Amino acid sequence: MYVIAHLSDPHLDGSDEARSRLRRITSYLQQFRRPVDVVLVTGDLADHGLPEEYAELAEELKLDVPVLVLPGNHDVSTPFRDGLASFVDASGAGHPIHQVRQVGKARFVLLDTTVPGENHGLLPEESLAWLDGVLREPFDGPLFVAFHQPPFNLHHPTMDQWMLRTREPFAAVLQDKPVTALLAGHVHNAITATFAGIPLCVAPGIRSSVPLPFEPESPTGSLVDPTTEPGFALHIHVPGEPLQTVYRYPR
């Protein structure tokens with residue numbers, strides 16, 4: 001059994017509120033009778049992309065298990081690389097921050113789908129070519145591709161402007177590749193779907209949720225509802241069995 005704790009969108013900004021919401025998740029993980037194999041955080045780690053926010057994150061993510069991180073639209077590449085250097089293994093400098101990480105029996109391809117200064121996601125030709133080459137490498141074990149912006153519409157008039165736009169080229173690269181699952185964040189909701197015939201799991205937001213258009217509005221009247229419980233996903237992989245995802249909202 002291989003277990004991934006999938007976190008997303010903590011949006012740390014130096015406030016007690018953001019810090020305490022993340023700690024509700026990490027403290028819960030530290031109580032497990034069997035530790036997870038890896039913790040994955042799929043973007044928007046910082047709220048403003050400031051060096052002091054990443055310094056705070058580096059302290060909060062000091063866990064007893066491997067931690068993988070990738071950027072979201074609120075993150076900024078250079079301070080992200082500098083402040084989270086102990087968590088990031090990516091060649092080059094600046095943007096994009098693509099990584100290939102092996103943790104135990106699993107391989108993680110961590111894609112940077114962000115566009116500097118924008119909220120939507122893109123995978124330019126260079127990134128797609130890099131991904132295609134990585135996915136063609138032989139690997140005997142579960143293979144996960146993780147990124148921030150999901151490649152579908154939420155049917156939300158605001159959020160749908162900010163999703164991954166290069167969907168068909170992305171699907172073409174994924175076609176016939178041995179990918180176990182796609183893991184994303186960004187939308188602050190727990191969602192399961194498929195893309196290119198591959199299971200796609202989106203982690204809930206730690207900092208807040210986003211009500212759908214037919215749901216009750218946020219009590220703050222804003223896009224996000226900061227009063228909902230912070231949550232995360234547990235992905236459980238057993239060879240020869242379907243991937244299972246369990247969502248948890250620790251109190």
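Nothing here was measured: the structure is a model prediction, and the numbers come from that model.
- Residues meeting the side-chain hydrogen bond (donor to acceptor under 3.5 Å, both in side chains) test with T42, sequence neighbours left out: H6, S8.
- Using a 4.5 Å cut-off between side-chain heavy atoms of Ile, Leu, Val, Met, Phe, Trp and Tyr, V115 falls into a hydrophobic cluster with L122.
- By the side-chain contact (heavy atoms from CB on, under 4.5 Å) test, T227 pairs with P219, D225, sequence neighbours left out.
- Taking 4.5 Å as the limit, some side-chain heavy atom of L182 sits within range of a side-chain heavy atom of L174.
- With hydrogens and angles disregarded, no donor-acceptor distance shorter than 3.5 Å links the side chain of H11 to the backbone of D47.
- Applying the side-chain contact (heavy atoms from CB on, under 4.5 Å) test to N73 and every residue at least two apart in sequence or in another chain returns D44, N119, H148, Q149, H186.
- By the side-chain hydrogen bond (donor to acceptor under 3.5 Å, both in side chains) test, S91 pairs with no residue at all, sequence neighbours left out.
- The two residues P142 and T180 make their nearest non-hydrogen contact at CA-OG1, 3.4 Å.
- Evaluation of the side-chain hydrogen bond (donor to acceptor under 3.5 Å, both in side chains) rule for R21 yields no partner, not counting sequence neighbours.
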Exercise answer: donor-acceptor pairs, residues 242-249 side-chain atoms, under 3.5 Å, sequence neighbours excluded:
from: T245; atom 1: OG1; to: H235; atom 2: ND1; distance (Å): 2.8
from: Y247; atom 1: OH; to: I191; atom 2: O; distance (Å): 3.3
from: Y247; atom 1: OH; to: V202; atom 2: O; distance (Å): 3.1

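- Of all heavy-atom pairs spanning Q99 and D89, the tightest one is OE1-N, 3.0 Å.
- Of all heavy-atom pairs between P178 and L135, the closest is CD-O, 4.1 Å.
- Residues that satisfy the side-chain contact (heavy atoms from CB on, under 4.5 Å) test with E215, not counting sequence neighbours, are P211, L212.
- Between L111 and L70, every side-chain heavy-atom pair lies at or beyond the 4.5 Å cut-off.
- Across E60 and T26, no two heavy atoms sit closer than the pair O-CG2, 4.3 Å.
- Residues forming a side-chain hydrogen bond (donor to acceptor under 3.5 Å, both in side chains) with S222 (at least two apart in sequence, or on another chain): T220.
- Residues Y2 and V38 have side chains in contact (heavy-atom distance under 4.5 Å, counting atoms from C-beta outward).
- V36 and V65 make their closest contact through O-CG1, 3.3 Å (heavy atoms, listed as atom of the first residue, atom of the second, distance).
- A heavy-atom distance below 4.5 Å is found between the side chains of L7 and L29.
- At distances below 3.5 Å, not a single donor-acceptor pair connects side-chain atoms of E59 with backbone N or O atoms of A55.
- Between P35 and D64 the shortest side-chain heavy-atom distance does not fall below 4.5 Å.
- E137 CD: more than 12 foreign heavy atoms inside a 6.0 Å radius.
- Side-chain atoms of F147 and L131, non-hydrogen and from C-beta on, never get closer than 4.5 Å to each other.
- Residue pairs meeting the ring pair (Phe, Tyr, Trp, His ring centres under 6.0 Å) criterion with at least one partner in residues 89-136, sequence neighbours excluded, are H98-W130, F108-F144.
- No donor-acceptor pair closer than 3.5 Å links the side chain of R207 to the backbone N or O of P226.
- Listed for the T166 side chain is a donor-acceptor partner under 3.5 Å among the backbone atoms of L123.
- Without hydrogens or angle criteria, D75 side chain to A46 main chain gives a donor-acceptor distance under 3.5 Å.
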side-chain contact (heavy atoms from CB on, under 4.5 Å) assessment of I206 paired with V41: CA-CA 10 Å; I206 293 176; V41 193; 5.8 Å; no
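- Every pair passing ring pair (Phe, Tyr, Trp, His ring centres under 6.0 Å) that includes a residue from residues 36-59 is listed here, sequence neighbours excluded: Y54-F80.
- At least one donor-acceptor pair under 3.5 Å links the side chain of R81 to the backbone N or O of G94.
- T114 is not listed as a side-chain neighbour of I97, based on a closest heavy-atom distance of 4.5 Å or more.
- Using a distance-only test at 3.5 Å, with no hydrogens or angles considered, a donor-acceptor pair links the side chain of D160 to the main chain of H156.
- When the ring-ring contact (aromatic ring centres under 6.0 Å, His included) test is applied to F152, no partner is found at least two apart in sequence or on another chain.
- Contact between P204 and G231 at its shortest, heavy atoms only, is CG-C, 3.4 Å.
- Looking only at side-chain heavy atoms (C-beta outward), V210 and V224 come within less than 4.5 Å of each other.
- In this structure, NZ in K105 is found 10.5 Å from NE2 in H237, a value given to the nearest 0.5 Å.
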Worked check of side-chain contact (heavy atoms from CB on, under 4.5 Å) between K177 and V134: CA-CA 10 Å; K177 303 295 197 308; V134 168; over 6 Å; no
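- For CD of E217, the number of neighbouring non-hydrogen atoms (other residues, nucleotides, ligands) closer than 6.0 Å is 12 at most.
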